[in-house]
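Before any comments, here is the structure.
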Amino acid sequence: MSDGGMGAPANTWTGREVNITVPAGVLGNLDQMTAVLKNVMTQLGCAHCHSGYDVRFRQSLDFVVSPKGDVAPGIAQPFAG
């Protein structure tokens, strides 16, 4: 197990993981990704620093199926504006 130090392998638990799942359209936009990271870090209490957190980005690839068999992205897009 990792000691939580910087540079820990990606599959090592550090106890300070922050998982952020984003759609591909955001993942491919550096300005939006910067804003996402700042927003998340603000909610964690430090908008200017992510030191001490193991931030992991994941592209949203989840889907859900309704009882009727309709398939939709697993992450709703209520923030689209």
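If you read the sequence from its start, that first residue is 1, and numbering goes on from there.
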Heavy-atom closest pair (Met41 atom, Cys49 atom, distance to 0.1 Å) is CE-O, 3.3 Å
Going only through I, L, V, M, F, W and Y residues with side-chain contacts under 4.5 Å, is there a path from Leu61 to Val64?
no
Taking all heavy atoms of Tyr53 and all of Leu44, pick out the closest pair and write down the distance.
OH-O, 3.7 Å
Heavy-atom closest pair (Ser60 atom, Pro23 atom, distance to 0.1 Å) is OG-CA, 3.2 Å
With a 4.5 Å cut-off on side-chain heavy atoms, are Met33 and Val22 touching?
yes
I need the Thr42 OG1 to His48 NE2 distance, nearest 0.5 Å.
7.0 Å
At what distance, to the nearest 0.5 angstrom, does CG of Leu30 lie from CD of Gln32?
10.0 Å
Here the gap from Asp54 atom CG to Glu17 atom CD, rounded to the nearest 0.5 Å, amounts to 5.0 Å
